J.: 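Let me begin by handing over the structure; questions about it come next.
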Amino acid sequence: MKYNNLFKIGALMLFSLSNALADEGMWLPLLIKKMNYVDMQKAGLKLSAEEIYDINHASLKDAIVNFGNFCTGEVISNEGLLLTNHHCGYEAIQSQSSVQDNYLEQGFWAENKSKEKPTPGLTVTFLVRMEDVTQEILKNLPSNASEEARAKHIETVSKELEKKAIDGTHYTAEIKSFFEGNEFYLFVYETFKDIRWVGAPPSGIGKFGGDTDNWMWPRHTGDFSLFRIYSSPDGKPAEYNLNNVPYKPKHFLPISLKGIKKNDYTMIMGYPGNTERYLPSAGVKLTLNQSNPMKIDIRNLKLEIMKEHMNKSSEVKIKYAAKYAHISNYYKYFIGQNKGLKRLEVVAKKAEQEKQLAQWLEATNNNSYKNLIPQIEKTYANLSTVNPVGIYLEEALLGSEMVLLALKSNGVYAAIMDVKDIKNNVVIKATLDEYSKTCKEHFKNYDFATDKSISAATFKKYYTDIHKNFHPILFAEVEKKYKGDFEKYMNAVFEKSIFVDESRMNKFLENPSSKILDKDPGFKIMRSILGMYYGQLNGYLEPLNNNLDSLSRIYTKAFMEFNQKKNLYPNANFTMRLTYGSVQDYFPQDAVYYNYFTTLDGIIEKEDSTNEEFRVPSQLKKLYTTKDYGRYAVNGTVPVCFISTNDITGGNSGSPVINAEGHLIGTAFDGNWEAMSGDIAYEPALQRTISTDIRYVLFIIEKYAGAKHIINELKIIE
Ligand code: ARG
């Protein structure tokens, strides 16, 4: 039955996608010319391969940045103006917000450059060049090296190559593994540190639809925010300084107002974070049946408690806005991923792939592939016995902010232990200063009561669900002294610990001693957790993970040999990639059709003044009522979002959607519900990238915010 249904959707889509081309794949810019260029031209691309990636002349890659090591952004003016998503700028926006100046709620637009807000800690990184270094890395590696020896060899050679690559420059270099350890590439980067916030719409636009619409189409979110890169007067990266000047980019993206229609060529360049397209069926099963259900369960618990506290206080609401969004984003992701894995029968499809591979391996008679698939299955079966402990450790125990802050104090402890004259020791002073900074940041967004409730609940959950053998030793005390009542236990911990109260912490920092930490109940529980990790868990986990690393490398190598004639792309690993496809509608389920774009009219349709997620800012409603759309009007409304077949994942957020001429037409911000299994298997009939139409971005800047000076900075093609 299900296969049948699937076939129906597939057939329908084949029929309607007559124009669609190879949309799957996150390609390395360096290899585009060799692997994809002909195909891209057929699909409609008008640029040369060199106009996309070139190391001697300005190319598209010079306008694309890694934004803060978690998102993507693009340069859109000659003065270093940067476009990314609202949800990528969210932490910066949240941390500048207070009950008085609530930028989350009201938005913010700097009237001129002097009003732009510094964002300490935020960085923006350009790719200078990349290079295949597989040969150099693997050259002297014995084929029978143990996993540890292999890792060591790779690290040593990588360090040498990285050093050589940036000699005499202010760049940084990084070598990363591709195809699960079968290939290696070197990346040279330039990182800017003076990044200022230029503007963002209110959440009623930038996060319109909230968690309800998150990961879903049809969508009506103006998910964008603006920043600016500053450099020293000579154009080099520099720490924040009033003498710094707007960065002059090698390239910036011109913006097209021509709009989109079905089948139009689209490409996206950016930094996809993580995919598992080469995961064997046994690994998919573990994710589906064990990891995801556990993560969903624990996150649900944390979110409920957090929400309760946020609803009670507007201050807590601002403090926890970004933390909540962070947890709930992937909470919903895991739910969707499991739905997708089931509906699209990914385990069965992978198993079929493996069967074919196994037959071919049998025929090749290569000894290193002997029993490969059964070995993989056995290792995953073994992993499933301790995998829950790892998940609960990360999601439940480390869900306590108190524990996290205590964990970060380990360096301080090591530095001051056994030292008599703490005050006059420069090394200790540096460590303490660093930790003070961490604490200041931490307490800025901290709420004692919220953390206490969450800590009690997640610890209790760990205690109840995880086998005694993996309980931190301190749990025995909770049993004895508190009769297993984790609320009572946390009450006691929170009454004393320096990790839950800023003034207690400051007092410690003024007069630090390792004795204070030894006695601190928060420090003790953190140590007890570490003790469990190193004493009980890691002895099982590490060998299994090493084994899996080695098996998945061999499996992927076999897969690559089996598919020799095909162009394969590596899993995402937060290096720059390009994906090309086209604007397409889709059929999410039997008898349901989704068009490929949404409009302002749809925002008004969704409006619900009683639901915070669907409140429409009054100024936007006014523009709607007066139809004051200017040059952004299309058929009596304004385009808002659109979908295309591009292959993206988390990390791509904020990536530019670029048309066949190399002009910006949108900013990508999400994937869609029906293809949430996409990080494991791409599904051509259903998988779509959701982007905010650049015309909506400009409409909001010009008509909603009246920020004409920003519009004037752009190169707009009408
Ligand atoms: N799902 C989007 C992503 O992971 C984030 C969207 C943010 N919006 C929200 N309602 N949380 O990139």
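Residues: numbered from 1 along the sequence shown. Every number for a ligand or one of its atoms is a count from 1 in the order of the listing. None of these values were measured; they are calculated from a predicted model.
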J.: Only one of Arg343, Lys349, Arg277, Arg688 passes salt bridge (charged side-chain N to carboxylate O under 4.0 Å, His left out) with Glu683; say which it is.
T.: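 By the salt bridge (charged side-chain N to carboxylate O under 4.0 Å, His left out) criterion, Glu683 pairs with just one of Arg343, Lys349, Arg277, Arg688: Lys349.
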
J.: Could you check whether the rings of Trp27 and Tyr569 sit parallel, tilted or perpendicular, using 30° and 60° as the cut-offs?
T.: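 It falls in the perpendicular class, over 60°.
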
J.: How far is atom 8 (N) of ligand 1 from its nearest protein heavy atom, and which residue and atom is that?
T.: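 For atom 8 (N) of ligand 1, the nearest protein heavy atom is Asn214 OD1, 3.8 Å.
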
J.: Given Tyr446 and Phe443, is the ring-ring contact (aromatic ring centres under 6.0 Å, His included) satisfied, shown in steps?
T.: CA-CA 5 Å; Tyr446 184 73; Phe443 283 114; 5.5 Å; yes

J.: With heavy atoms of Phe669 as the reference, note each atom of ligand 1 found under 4.0 Å away.
T.: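 That gives atoms 2 (C), 3 (C), 12 (O) of ligand 1.
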
J.: Is the gap between the ring centers of Phe192 and Tyr247 under 6.0 Å?
T.: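 Yes; Tyr247 has its ring centre under 6.0 Å from that of Phe192.
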
J.: What atoms of ligand 1 come closer than 4.0 angstrom to any heavy atom of Gly210?
T.: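 Within the 4.0 Å cut-off of Gly210, ligand 1 contributes 10 (N).
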
J.: Quick check on contacts: which atoms of ligand 1 are under 4.0 angstrom from a heavy atom of Asp211?
T.: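 Numbered from 1, ligand 1 contributes 10 (N), 11 (N).
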
J.: Measure the distance from atom 2 (C) of ligand 1 to every protein heavy atom, then report the residue, atom name and distance (to 0.1 Å) of the closest one.
T.: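 Atom 2 (C) of ligand 1 sits closest to the protein heavy atom Asp670 OD1, 3.4 Å.
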
J.: Give yes or no for whether the N/O distance cutoff of 3.5 Å, strictly under, is met between Asn329 and ligand 1.
T.: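 Yes; at least one N/O pair falls below 3.5 Å.
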
J.: Is it true that Phe597 and Phe642 have ring centroids separated by less than 6.0 Å?
T.: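 No, ring centres 6.0 Å or more apart.
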
J.: For Phe227 and Val198, which heavy atoms make the closest approach, and how far apart are they?
T.: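 Of all heavy-atom pairs spanning Phe227 and Val198, the closest is C-CG2, 3.5 Å.
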
J.: With heavy atoms under 4.0 Å as the rule, classify the contact between Ser653 and ligand 1 as side chain, backbone, both or neither.
T.: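 The side chain, only.
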
